[in-house]
Amino acid sequence: MNEMRLTIDGREVTATEGMTVLEAARSAGIFIPTLCYHEKLEPYGGCRLCMVEAETRGRTSLVAACVYPAVDGLLVRTRSEKLDRIRKTILELLLAHAPESPVLLDLAAEYGAEVNRFEHQASFCIHCGLCVRYCAEVKQKHAVGFVDRGIRKEICFIPEIAAKECPDCQACFPLCPTSYLQSVYVLTEALAFPASAEAGKA
Amino acid sequence: MDLERVDQIIDKHQGEASSLIQVLLDIQSENHWLPRDALERVGRKLNVPYTRIHHIATFYKAFSLVPKGRHEVHICMGTACHVRGAARVLDTVRDATGIKPGETDLDLKFSLETVNCLGCCALGPVMEINGTTHGNMTPGQTAEVLKQYE
Ligand code: SF4
Ligand code: FES
């Protein structure tokens, strides 16, 4: 296997072919904040919180560590004034959706993000896709998916599949960084299969 | 829509999952909307999860998940049409059909949409019905044109 050497925050890190910058950093115990990353899932690159500065041949670019492949000789900085500013803004935008999410509030404290910087939005979903991807990739049930796009994009359970698969699974609930997933599930359940919910409790 | 017809459309595209959007477009143009059983059939045959089909069908404006009228009326609201009186054309269509943009009448005769530019500003105000362009519309002409559609 091909060994590669990277420098992350001044430390020499070895990585193997096919690893991302995030994986290389984690293997060396270097922390990079993430929201949409999950080790069992394909990298998604949705939240951009894992943004780092990557320097090759004297040129620096901002890349998402969870999707950027580790290459030999890469110089990575996981924190800088610029990165902190970017993460702060990303967090403030996400907080407009989920101002009470503990995960977001912890990160907000770290990066000095203001909860009320942007007008609060009606939906708590931050579109990390963890629920949708976990259901599709790990459970392969496809009970929950995205609908629509842009500012109207939201998650949606397929009632028939959810009625069959979800009552005994619910593995996606703890993945959601906000409480949106659960609330949508409860709503779907109430509207589409209340009887089976009763049976489950009995 | 007849599911056999759906099968024919799928076969025409060799049942390839990569042709999903083409298949949906064909169903949409023939049937004017995408009924749930047709989507489920497409999903089973192309081996694509329903969540994915649902996402695609809601992503593109070309698709509709609710019934549409036999005649799709598009009124251009672009800048040029706007200054040339598109609002009056739209009012005429609303009065004649009784529907607002985004709606379909009960007889499934007309669906009405506004669009932002049809690319023929010199003909403004422009009304497009089933892909046919009607240019330089006055309210009177608009009403006449609508009468030609059954
Ligand atoms: S519901 Fe939760 S887990 Fe699913 S995409 Fe939205 S924020 Fe992510
Ligand atoms: S963790 Fe990399 S973009 Fe979300």
Side-chain angles (χ1 to χ4, degrees), chain A residues 36 38 40-42 44-46 122-123 125-167 169-173 175-176 180-181 184-185 187-189 191-193, chain B residues 1 3 6 10 15-25 27-28 31-68 74 77-78 100-104 111-117:
Chain A
C36 68
H38 189 286
K40 285 195 195 155
L41 303 177
E42 287 293 312
Y44 186 59
S123 155
C125 180
I126 58 166
H127 302 127
C128 68
L130 283 172
C131 55
V132 172
R133 291 181 294 134
Y134 197 85
C135 193
E137 293 175 31
V138 178
K139 295 281 168 177
Q140 306 199 342
K141 301 293 185 206
H142 305 280
V144 59
F146 279 121
V147 289
D148 223 317
R149 61 173 161 171
I151 53 165
R152 284 189 303 275
K153 183 174 177 179
E154 52 183 62
I155 60 155
C156 168
F157 282 89
I158 309 294
E160 292 82 359
I161 307 179
K164 215 165 75 215
E165 308 291 350
C166 300
C169 172
Q170 306 186 351
C172 57
F173 284 12
L175 300 178
C176 182
Y180 192 66
L181 173 62
V184 173
Y185 176 75
L187 191 64
T188 312
E189 187 185 47
L191 291 172
F193 50 97
Chain B
M1 186 179 193
L3 285 183
V6 174
I10 297 169
E16 292 269 356
S18 57
S19 307
L20 175 62
I21 292 184
Q22 279 311 322
V23 171
L24 296 183
L25 281 172
I27 298 175
Q28 172 76 37
N31 193 52
H32 303 297
W33 69 292
L34 305 174
R36 170 125 194 205
D37 53 352
L39 291 183
E40 278 172 353
R41 182 70 145 235
V42 172
R44 261 198 307 279
K45 285 229 159 179
L46 301 188
N47 206 5
V48 179
Y50 188 72
T51 43
R52 196 166 170 75
I53 295 189
H54 199 54
H55 190 188
I56 291 170
T58 53
F59 189 95
Y60 296 104
K61 262 199 132 180
F63 299 127
S64 172
L65 293 178
V66 291
K68 285 261 169 153
H74 291 139
M77 287 288 155
K100 295 202 282 282
E103 293 181 347
T104 298
S111 290
L112 178 59
E113 290 291 345
T114 55
V115 292
N116 288 330
C117 184

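So that the names make sense, note that chain A is the first sequence line, chain B the second, and so on, each numbered from 1.
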### Message
Please classify the contact of A/Val144 with chain B as side chain, backbone, both or neither, using a heavy-atom distance under 4.5 Å.
### Response
backbone
### Query
How long is the span from the CZ atom in A/Arg149 to the OH atom in B/Tyr60, to the nearest 0.5 Å?
8.5 Å
#### Entry: Approximate separation, where rounding is to 0.5 Å, of A/Glu160 CD and B/Arg36 CZ
4.0 Å
### Message
Looking at A/Lys164, I'd like to know if its NZ atom is crowded, meaning that more than 12 non-hydrogen atoms belonging to other residues, nucleotides or ligands lie closer than 6.0 Å.
### Response
no
### Query
Where is the tightest heavy-atom contact between A/Val147 and B/Thr58, given as atom of each residue plus distance?
CA-OG1, 3.4 Å
#### Entry: More than 12 heavy atoms of other groups within 6.0 Å of A/Leu191 CG
yes
#### Entry: Per-residue contact mode, A/Glu154 against chain B (heavy atom under 4.5 angstrom)
neither
## Note on the structure
Bottom line for A/Ala143: the part with an atom under 4.5 Å from chain B's heavy atoms is backbone
#### Entry: A/Asp148 versus B/Phe59, closest heavy-atom pair with distance
O-CD1, 4.1 Å
### Message
Is it the case that over 12 heavy atoms from other parts of the model lie below 6.0 angstrom from the CZ atom of A/Phe173?
### Response
yes
